[in-house]
Amino acid sequence: MLDLTFQPPKPKVIAGAKADWELVIGMEIHAQVASNAKLFSGASTAFGSEPNSNVAFVDAAMPGMLPVINDFCVEQAVRTGLGLKAQINLMSAFDRKNYFYPDLPQGYQISQLYHPIVGMGEVLVEMGPGVARLVRVERIHLEQDAGKSIHDMDPSLSFVDFNRTGVALMEIVSRPDIRGPEEAAAYVAKLRQILRYLGTCDGNMQNGNLRADVNVSVCRPGQYEKYQATQDFSHLGTRCEIKNMNSMRFIQQAIDYEARRQIAILEDGGSVVQETRLYDPDKGETRSMRSKEEAHDYRYFPCPDLLPLELEQAWVDDIAARMPELPDAKKARFMGDYGLTDYDASVLTAELDAADYFDAVAHGRDGKQAANWVINELFGRLNKEGLAIADSPVSAAQLGGLLDLLGNQTISGKIAKDLFEILWTEGGDPAQIVESRGMKQVTDTGAIEAAVDEIIAANPAQVDKAKQNPKLAGWFVGQVMKATGGKANPAAVNDLVMRKLGL
């Protein structure tokens, strides 16, 4: 079992010039739905296509074009909600969020303000071995993405690429339960991991498929507890939103800078202005983008082109029945079934591909030995070569075959490493390679004894030293292993050396 101790949010305390302050953070994660088609059209969502090549008439807001809901995107949102142990709303509805921007051809965004598809859920964030905190998810709603304005192709012109226009997004809104930069990054990482396990978002932050808007405010110690008791947000201070963060490291840096900026304003007698800001990683600071809009600024109203979305409970239940094993459950199973440490289980479940690979290697074998080979030998080599596990030259079946040969003492540990190198560079069946290349471990005690006798006879001075200091007997073991090309059974060599030396 995965034994976790739940702890209340531990605030990040920042010492100002005059007083101590605490951080309060809420996050809005925009996760692109893993779907081949957009939310309201059949246009492709392929990344990296020629500009404006994946645009349907409805995406471009051509007159008379009406949106048609993509059922699969709805299913992906429901699957995400189930993965976050959230309430699935059987009735939801779409609204128009009205604002003008050059890359928004309709002049509005179709979103879900009043009736989101998913209600309250939670994300379990591990902050250390056996220690976890719970971040509440307030809602998940579906909405369409805008396009992309390009300002660096011409000194006097801006260009617009509508390929992203209409791509389905899930906006995952947390409660202000996050209390520090490290916890914020851990929350995003855990949410990304869950989404990737579910297959509802690929989590690629570099491509913009997972972006975070970070709401930061500061308050004096004790104010957060008042908020928890009253749910009155005024106790938390005025928040500022940092838009479009796509890096865990930058998220932490931006939060730290923004908190200190707000503290300096408050301690100087000023007031924090609620606004939207951007983070400049080159300067390590946030800068004002625009005043923070409220819901009424967007003149939300029900989308007249789309009927309310009504789901059947049986359909939701069918999705729930097909849910994959999620990270926390998989980690608990690895620790329970294979006897792994918390750390090793965390490393092996960080990515679904790695977890599946290890599961295949460890099945029916020594789990700890399998973990050691996957983490140290395989992952180490993949990192060195800059490869993903999906591109590993050594398959799970091949590594499993190597461990079988090691387990039945057909090969020694040294030979196993040589065999791994052959599998990495040449491929092939481990058992056939060992047989055809004469790599089997020497277990014939007669042959080993002959080698031991020869080494002892040739080194009388070293024999005297070993008898005075038994730790030096290891020299003879090394020499015998070298003489046999590493094929002698190390345990048999050690026993014979100790017996021959009278130790």
Side-chain angles (χ1 to χ4, degrees), residues 9 23-33 39 76-77 80-81 83-84 86-87 92 94-95 97 99 101 104 109-123 125 134-146 164 167-181 183-195 200-201 203-205 208-217 233 236-248 250-252 254-255 258-259 274-279 286 289-298 300:
L23 260 172
V24 181
I25 302 161
M27 303 191 80
E28 298 165 9
I29 306 295
H30 293 85
Q32 179 175 320
V33 176
L39 183 57
Q76 292 285 66
T80 300
L84 301 185
Q87 171 189 343
S92 61
F94 289 96
D95 306 291
K97 180 182 181 181
Y99 63 98
Y101 209 68
L104 191 69
Q109 178 189 40
I110 300 178
S111 183
Q112 293 183 312
L113 175 66
Y114 301 111
H115 303 287
I117 191 168
V118 177
M120 288 290 293
E122 61 187 40
V123 176
V125 181
L134 209 60
V135 176
R136 294 170 297 169
V137 171
E138 184 174 285
R139 56 186 280 148
I140 303 175
H141 60 260
L142 279 169
E143 62 184 23
Q144 56 182 174
D145 204 354
R164 288 191 67 91
V167 166
L169 299 177
M170 296 178 289
E171 182 166 335
I172 305 169
V173 183
S174 83
R175 300 288 288 175
D177 291 348
I178 303 167
R179 305 303 308 278
E183 193 171 330
Y187 167 74
V188 176
K190 184 58 177 290
L191 186 57
R192 177 180 180 273
Q193 181 191 35
I194 293 171
L195 294 173
T200 57
C201 174
N204 191 322
M205 299 182 79
N209 294 355
L210 189 74
R211 315 189 292 269
D213 296 343
V214 187
N215 290 284
V216 179
S217 65
F233 286 94
L236 301 183
T238 301
R239 75 183 190 276
C240 289
E241 181 183 51
I242 309 170
K243 289 286 288 186
N244 291 330
M245 303 295 296
N246 64 351
S247 158
M248 309 294 185
F250 291 162
I251 286 171
Q252 294 185 67
I255 291 172
E258 180 59 23
Q274 184 171 330
E275 61 182 349
T276 298
R277 301 179 68 85
L278 294 175
Y279 178 67
T286 63
M289 178 184 178
R290 60 174 181 259
S291 61
K292 175 63 178 172
E293 297 91 345
E294 301 292 351
H296 62 263
D297 294 319
Y298 292 109
Y300 278 97

Plane angle bin for Tyr298 and Tyr99 - parallel if under 30°, tilted between 30 and 60°, otherwise perpendicular: perpendicular
Heavy-atom side-chain proximity of Met27 to Met245 below 4.5 angstrom: no
Sub-4.5 Å side-chain heavy-atom contact between Leu142 and Val33: yes
Shortest non-hydrogen contact from Asn209 toward Cys201: O-SG, 3.5 Å
4.5 Å side-chain heavy-atom contact, Ser217 and Phe233: no
Any residue meeting side chain to side chain donor-acceptor pair (under 3.5 Å) with Arg239, in chain and number order, not counting sequence neighbours: Asn215
Arg179 vs Leu23 side-chain heavy atoms within contact, under 4.5 Å: no
Flag side-chain contact, heavy atom, 4.5 Å: Ile242 against Val216: yes
With sequence neighbours excluded, residues passing side chain to side chain donor-acceptor pair (under 3.5 Å) with Glu171: His30, His141
Sub-4.5 Å side-chain heavy-atom contact between Glu275 and Met289: no
Atom of Val118, atom of Gly81 and distance for their closest heavy-atom approach: CG1-CA, 3.8 Å
Pair Thr200, Gln76: side-chain N/O donor-acceptor within cut-off below 3.5 Å: no
Working for side chain to side chain contact (heavy atoms under 4.5 Å, CB included), residues Leu84 and Ile140: CA-CA 10 Å; Leu84 301 185; Ile140 303 175; 3.9 Å; yes
Minimum side-chain heavy-atom gap Lys243-Glu241 below 4.5 Å: yes
Glu143 and Gln112: CA distance, side-chain angles, deciding distance, side chain to side chain contact (heavy atoms under 4.5 Å, CB included) verdict: CA-CA 7 Å; Glu143 62 184 23; Gln112 293 183 312; over 6 Å; no
